[in-house]
Amino acid sequence: MYRMTKELSASHDQRRSQLLRGVLDLCLLALIAERPRYGYEFVEALTESGLDLVSEGSIYPLLARMERAGLVDSYRAPSAAGGAPRKYYRLTEAGAAELSSGRTTWSAFTGAVSSTLGT
């Protein structure tokens, strides 16, 4: 019984991870739209939202791709704790447009899925 419960739990986490992977970029854009953030702040905010499957290791490559695509830009600012400067990310105009488009797409998609699932 324990093994079956453990397998179901692993399957649930895998599904959540796959779903999140498809929209993590939009989640990051939405968080940046609130205010500029640095890497670990994304993990904290996502965890607070219930998306606790995300690590810094998965966020930084995505932020780098988004920066190369012109959706975000970055700047360095001193750490409030007095440590090394932190790299903050802020939304560009193209990033704001991508977020708006992504929200529309997500809303339509989740509506269709909810309708299909009967929720």
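The basis for the numbers below is simple: all heavy atoms, side chains too, and nothing from hydrogens, waters or symmetry mates.
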**Request:** Using salt bridge (Lys or Arg N to Asp or Glu O under 4.0 Å) as the criterion, list what pairs up with E41, not counting sequence neighbours.
**Result:** R35

**Message:** Among residues at least two apart in sequence or on other chains, which ones pass salt bridge (Lys or Arg N to Asp or Glu O under 4.0 Å) with E34?
**Reply:** R37

**Request:** Drop me the distance from M66's CE to L24's CG, to the nearest 0.5 angstrom.
**Result:** 8.5 Å

Main-chain N/O of [Y] paired to [X] side chain as donor or acceptor, under 3.5 Å:
{"X": "S115", "Y": "G111", "value": "no"}
{"X": "S101", "Y": "A97", "value": "no"}
{"X": "T47", "Y": "V43", "value": "yes"}
{"X": "S58", "Y": "S55", "value": "yes"}
{"X": "S107", "Y": "R103", "value": "no"}

**Request:** For atom CD of E93, decide whether the heavy atoms of other residues, nucleotides or ligands shown that lie under 6.0 angstrom number more than 12.
**Result:** no

**Message:** Can you tell me if Y75 has over 12 outside heavy atoms packed within less than 6.0 Å of its OH?
**Reply:** yes

Indicate the atoms forming the closest heavy-atom contact of [X] with [Y], along with that distance.
{"X": "Y89", "Y": "E67", "answer": "CE2-OE1, 4.0 Å"}
{"X": "R90", "Y": "S74", "answer": "NH2-O, 4.4 Å"}
{"X": "S79", "Y": "A84", "answer": "CB-O, 3.4 Å"}
{"X": "P61", "Y": "G57", "answer": "CD-O, 3.1 Å"}
{"X": "I32", "Y": "L91", "answer": "CG2-N, 3.2 Å"}
{"X": "R76", "Y": "P85", "answer": "NH1-O, 4.0 Å"}

**Item:** Beyond-backbone contact of L46 with I59, side-chain heavy atoms, under 4.5 angstrom
**Value:**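 Heavy-atom side-chain distance check passes, below 4.5 Å.
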
**Prompt:** Taking C-beta and beyond as the side chain, do V72 and L29 meet within less than 4.5 Å on heavy atoms?
**Reply:** yes

